[in-house]
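Worksheet: one structure, shown below.
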Amino acid sequence: MNQVWKKMCALALAGVLLLGSNIPVCAEEVEPAGYHVYDVQNGEVSDTWYGIARGDYLRSGIAKLTHGNTGYAICSGTTFAHRSFDRVYVRIYLDKSDTGTGNWGTVDYWTGEAKNNSVATTQSGSYKITRDKYYSVKGVHSVTQGGKTETTGTCTNALYFD
């Protein structure tokens with residue numbers, strides 16, 4: 001079941017990168033080597049991607065989903081670069097499912113961008129959700145310098161909101 005979830009996230013991320021990334025088409029795009037750390041706590045899920053290549057632009061990216069007050073979720077995303085670059089970007093998508101295992105649909109998204117900086121952040125604030133559903137957050141993280149863009153994605157586990 002976890003493999004199916006990861007494949008769905010990968011396909012969704014590919015669609016996001018192709019359709020909604022706001023990254024210039026002329027830029028060379030690279031996905032640097034890295035690994036994910038998935039964290040599940042009581043009322044909070046996150047996916048943190050850490051870059052392992054030396055000398056690359058993209059250091060790490062975080063997507064997080066937290067239970068807020070009853071009937072509310074808090075989504076956040078952060079992209080970290082190794083140093084200040086032309087553009088640091090993060091976009092997070094809040095997705096909803098009835099079962100937590102399929103038929104995911106995007107509810108809303110938030111974008112953060114920083115120019116000549118090393119960090120970009122975004123947050124939903126308290127976002128009213130439909131109760132008795134599963135939610136997940138996907139993140140798109142990129143750093144651009146000159147004509148080269150490094151990008152990666154994150155995707156949290158499903159979190160039930162009763």
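Hydrogens, waters and symmetry mates play no part in the numbers below; they use all other heavy atoms, side chains included. Since this is a predicted model, take the numbers as computed values, not measurements.
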Distance (rounded to the nearest 0.5 Å) between [X] [atom1] and [Y] [atom2]:
X    : Y    : atom1 : atom2 : answer
H141 : L58  : NE2   : CG    : 8.0 Å
W110 : S76  : CH2   : OG    : 10.5 Å
T122 : R91  : OG1   : CZ    : 9.5 Å
K64  : Q41  : NZ    : CD    : 9.5 Å
I52  : Y35  : CD1   : OH    : 8.5 Å
S136 : L159 : OG    : CG    : 9.0 Å

Pairs flagged by salt bridge (charged side-chain N to carboxylate O under 4.0 Å, His left out) wherever residues 111-123 is involved - sequence neighbours left out: R87-E113, E113-K115
Applying side chain to side chain donor-acceptor pair (under 3.5 Å), name anything that partners [X], two or more places apart in sequence or on another chain.
X    : value
E44  : T66
T99  : T101
Y72  : none
S118 : none

Are any non-hydrogen side-chain atoms of [X] and [Y] less than 4.5 angstrom apart?
X    : Y    : answer
Y50  : T48  : yes
R59  : V143 : no
L65  : F161 : yes
Q123 : I74  : yes
Y57  : T144 : no

Taking transitive links into account, so neighbours of neighbours count too, which hydrophobic residues share a cluster with F80 at under 4.5 Å side-chain distance? I62, V119
Shortest non-hydrogen separation from [X] to [Y] and the atoms involved:
X    : Y    : answer
A158 : G100 : CB-O, 4.0 Å
A120 : G112 : CB-O, 4.1 Å
G77  : V90  : C-CG2, 3.9 Å

With V137, which of D95, I92, V45 fulfils side chain to side chain contact (heavy atoms under 4.5 Å, CB included)? I92
Could you point out which residue of T79, T152, V37 forms a side chain to side chain contact (heavy atoms under 4.5 Å, CB included) with W49? T152
Derivation and outcome, side chain to side chain contact (heavy atoms under 4.5 Å, CB included), residues H82 and D56: CA-CA 7 Å; H82 282 291; D56 62 346; 2.7 Å; yes
More than 12 heavy atoms from other groups under 6.0 Å of CZ on F85: yes
Could you work out, with side chain to side chain contact (heavy atoms under 4.5 Å, CB included) as the rule, every residue matching N116, not counting sequence neighbours? S84, D86
Atom pairs and distances, side-chain donor-acceptor, residues 127-135, under 3.5 Å, sequence neighbours left out:
from : atom 1 : to   : atom 2 : distance (Å)
Y127 : OH     : D108 : OD2    : 3.2
R131 : NE     : D162 : O      : 2.8
R131 : NH2    : D162 : O      : 3.4
D132 : OD1    : Y160 : OH     : 2.1
K133 : NZ     : D98  : OD1    : 2.6
Y135 : OH     : T130 : N      : 2.9
Y135 : OH     : T130 : O      : 2.9

Before you tell me yes or no, could you show the steps for V140 and T151 under side chain to side chain contact (heavy atoms under 4.5 Å, CB included), namely the whole-Å CA-CA distance, both residues' side-chain angles and the distance that decides it to 0.1 Å? CA-CA 7 Å; V140 178; T151 187; 4.2 Å; yes
